[in-house]
Amino acid sequence: MKYAVFCVALAAAAVNAPRFVDAGWIDGVQVSGDPLRKQFLYETTGGGIAIFDYDLDGRNDVLVVNGAGARSMLYRNEGGGKFKKSELPGDPGWDQGVCVADYDNDGRPDVFVARYGFNVLYRNTTSGFVSAPLPAQMHRWGAGCAFLDFDRDGRLDIFVSNYAVIDPKNPLQPGANPNCMWKELAVACGPKGLPHGQHVLLRQMASGAFEDVSIKAGIRKPGGCWGLGVAAADFNNDGWPDVYVACDQTPSLLYENKRDGSFVERGVEAGVAFNNDGNTQAGMGVAVADFDGDGFLDIAKTNFSGELPSLYRNEDGRFFQDIAAAAGLGANLLLGWGVAFVDIDDDGLRDLVTANGHVYPDVDRTAMGDRYRQKALLYRNLGGRKFADISASAGPAFQGLRASRALAVGDLDGDGRPEIVIGNIDAAPSVLKNESPSGNFVNIVLRGRAIGARVRAGGQIDELMSGGSYFSSHEAALHFGLGAAKVVERVSVRWPSGKTQEWKGLPVNARCELTEASPAPSCKSY
């Protein structure tokens with residue numbers, strides 16, 4: 001059966017050539033310090049991208065996260081490729097990661113922004129976004145984030161990775177010591193030589209306020225790491241969300257949910273702390289999907305220039321194997337950041353896209369062979385075991401060079417097929433529109449308390465997650481490619497409450513909204 005699927009995928013790859021174009025729908029520079037000279041490490045990491053319908057008008061909007069004291073920008077989708085720009089309220093800061101979810105369950109998506117400094121929670125109200133209170137904070141370098149209901153009490157909590165500790169009053173200058181040099185270049189100091197960031201878990205209480213339970217829940221027990229990308233998902237299929245943190249030059253972390261309000265870290269034991277050779281890597285972004293169709297969620301991780309990306313195949317819910325080399329991900333060893341699994345041709349197989357760019361602008365002034373601006377990469381899934389690098393034939397959007405960081409996926413033009421939005425440091429974001437030949441599909445939208453819900457459709461699984469990629473948050477709709485199927489025979493949802501529901505005979509090429517305890521789906525064709 002798997003051989004037959006592999007042959008079908010190969011045939012489709014030959015006939016259905018992908019094509020992506022840069023739609024150019026979003027203007028404005030994504031600010032991150034001096035574009036030519038990065039004095040401090042937080043100027044190099046860039047900010048995130050979030051795709052969500054903040055005003056509930058049926059069109060997805062885009063949040064572009066800025067640093068350097070510039071306000072983060074909200075682009076309201078007015079249709080027809082037109083976006084109207086506004087600013088997030090409050091004091092501008094050095095924004096980094098972003099995650100989106102309706103934490104107060106009022107039907108409007110809210111926004112958490114992780115900062116170098118003090119994190120901000122924006123509550124979405126009928127009169128706009130307002131800052132919501134958080135527990136007393138230390139000055140930290142907030143990086144990736146995710147909403148999750150880790151204790152399954154029906155209230156969303158927040159996990160924040162933290163990168164490194166830099167004294168804001170006395171930061172080291174480039175070239176100040178050996179940890180401020182890279183291949184004889186004087187560069188921004190770190191992360192080596194800087195204390196590890198300590199990750200944070202904020203639990204939402206019945207009052208709607210949050211409390212810091214990082215120590216109580218075991219998040220601090222393994223110590224910190226230079227943490228960047230975060231993904232919260234149920235990796236062992238027990239119905240409880242776990243947390244994976246991509247760590248830079250330190251072992252990455254897998255926090256397994258013990259189902260008693262605490263976690264145990266087992267990244268080394270599970271096989272996701274190092275690469276296949278047992279070495280640490282410069283982990284950046286994280287993508288989660290069941291790319292091989294075995295019913296377990298797998299992990300892709302982007303890494304530094306010259307390193308293989310990681311592809312951790314989930315063997316049984318407890319143990320993973322890094323199959324990046326065997327799967328064909330070694331064709332281009334670029335410096336990867338944002339990453340996502342997305343079915344570009346709707347054949348039911350999750351393909352892989354990465355955003356790339358070097359850390360240091362200075363690299364262009366050397367003869368080292370590395371370049372600051374790099375191409376995005378697209379790998380086609382050939383049957384669940386192999387990927388083929390098809391970037392060269394994937395249309396003009398994959399030919400350009402960018403200093404990219406963030407990456408988020410979501411439908412911006414209302415045709416049901418997701419665009420890929422790439423954040424480019426010190427430049428405008430790129431909107432990669434998919435004009436590839438496609439099969440049929442269905443988009444599943446879950447209403448109510450749904451973060452962490454497990455969905456099965458067309459023989460595939462997916463999970464509604466908040467956060468992920470690199471500092472980014474994807475559209476909440478779950479996109480399932482269905483190939484030539486004329487109907488979605490069955491969709492089942494395991495809700496965070498533990499209840500399971502099933503719907504039969506859903507239409508293809510449609511957006512179907514499902515609500516817990518409601519017997520009838522609400523489907524609208526594209």
Side-chain angles (χ1 to χ4, degrees), residues 9 13 16-22 46 49 228-229 246 275 281-289 291 298-312 322-345 347 349-359 363 369-382 384-409 418-425 427 429-436 468-472 474:
N16 298 331
R19 176 178 168 80
F20 285 81
V21 298
D22 192 338
I49 299 283
L228 291 170
N275 67 6
Q281 294 176 289
M284 307 289 190
V286 182
V288 174
F291 78 86
D298 311 296
I299 300 171
K301 176 169 68 70
T302 49
N303 299 306
F304 203 79
S305 176
E307 298 178 346
L308 270 172
S310 306
L311 183 63
Y312 297 114
D322 185 1
I323 63 166
L329 298 186
N332 290 282
L333 302 183
L334 303 181
L335 203 162
W337 301 84
V339 57
F341 285 103
V342 55
D343 187 351
I344 61 168
D345 51 8
D347 64 352
L349 298 169
R350 302 301 174 97
D351 310 296
L352 189 67
V353 60
T354 67
N356 306 290
H358 210 279
V359 176
V363 73
D370 284 304
R371 288 293 176 263
Y372 187 51
R373 292 171 178 81
Q374 301 177 0
K375 62 182 180 179
L377 295 175
L378 179 61
Y379 292 94
R380 192 172 219 154
N381 188 335
L382 303 179
R385 285 293 182 270
K386 293 280 189 179
F387 287 81
D389 179 4
I390 58 171
S391 311
S393 60
F398 279 92
Q399 312 316 311
L401 301 179
R402 312 173 182 92
S404 299
R405 297 293 187 266
L407 184 153
V409 174
E419 274 68 52
I420 300 167
V421 180
I422 294 178
N424 303 309
I425 197 167
S430 301
V431 179
L432 279 58
K433 178 170 171 52
N434 189 353
E435 296 184 347
S436 313
S469 184
Y470 174 79
F471 289 6
S472 296
H474 307 300

ask   = Between atom CG of Leu333 and atom CG of Asn356, what is the distance when rounded to the nearest 0.5 Å?
value = 10.5 Å
Residue of the set Asp343, Asp351, Asp345 for which salt bridge (Lys or Arg N to Asp or Glu O under 4.0 Å) holds with Arg380 = Asp345
request  = Run the numbers on Leu334 and Thr354 for side chain to side chain contact (heavy atoms under 4.5 Å, CB included), then give the verdict.
outcome  = CA-CA 10 Å; Leu334 303 181; Thr354 67; over 6 Å; no
task = With Trp337 as reference, evaluate Ile425, Val359, Leu407 under the side-chain contact (heavy atoms from CB on, under 4.5 Å) test and give the passing residue.
result = Val359
Atom pair CG (Leu432) and CD (Glu419), whose distance is rounded to the nearest 0.5 Å = 9.0 Å
message = Under a 3.5 Å distance rule, please check whether Glu435 uses its side chain to pair with a backbone N or O of Val21 as donor and acceptor.
response = no
request  = Write down the atom of Arg371, the atom of Val363, and the distance for their closest heavy-atom approach.
outcome  = C-CG1, 3.8 Å
task = Supply the atom-to-atom distance Leu378 CG to Phe387 CZ, rounded to the nearest 0.5 angstrom.
result = 10.5 Å
task = Look at the side chain of Asp322 and the backbone N and O of Ser310, then say whether any donor-acceptor pair between them is shorter than 3.5 Å.
result = no
message = Distance check, rounded to the nearest 0.5 Å: Ile344 atom CD1 versus Tyr379 atom OH?
response = 13.5 Å
ask   = Where does the angle between the aromatic ring planes of Phe304 and His358 fall among parallel (under 30°), tilted (30 to 60°) and perpendicular (over 60°)?
value = perpendicular
task = Can you sort out the partners of Arg402 under side-chain hydrogen bond (donor to acceptor under 3.5 Å, both in side chains), two or more places apart, ordered by chain and number?
result = Ser430
inquiry  = Show the nearest heavy-atom pair for residues Arg19 and Pro396, with the distance to one decimal.
reply    = NH1-CD, 3.6 Å
inquiry  = Treating Ser469 as the side-chain partner and Val339 as the backbone partner, does any N or O pair qualify as donor plus acceptor under 3.5 Å?
reply    = yes
request  = Look at the rings of Phe398 and Phe20 and say which category their plane angle falls in: under 30° parallel, 30 to 60° tilted, over 60° perpendicular.
outcome  = perpendicular
task = Drop me the distance from Lys301's NZ to Asn275's CG, to the nearest 0.5 angstrom.
result = 7.5 Å
inquiry  = Could you report the tightest heavy-atom contact between Ala376 and Ile422, atom names first, then the distance?
reply    = CB-CD1, 4.0 Å
task = Decide yes or no for Val286 and Tyr312: does some side-chain heavy atom of the first lie under 4.5 Å from some side-chain heavy atom of the second?
result = no
Non-hydrogen atoms of Leu377 and Ser391 that approach each other most closely = CA-OG, 3.3 Å
request  = Measure the shortest side-chain to side-chain distance between Phe291 and Leu352 over non-hydrogen atoms and say whether it is less than 4.5 angstrom.
outcome  = no
query = Which pair of non-hydrogen atoms, one from Ala246 and one from Gly285, has the smallest distance, and what is that distance?
reply = CB-O, 4.4 Å
query = Distance from Leu329 atom CG to Lys386 atom NZ, nearest 0.5 Å?
reply = 10.0 Å
Heavy-atom side-chain proximity of Asp370 to Leu335 below 4.5 angstrom = no
query = Which heavy atom in Asn434 sits nearest to a heavy atom in Pro418, and how many Å separate them?
reply = CB-O, 4.2 Å
query = Would you say Asn332 and Lys375 make side-chain contact, with heavy atoms under 4.5 Å?
reply = yes
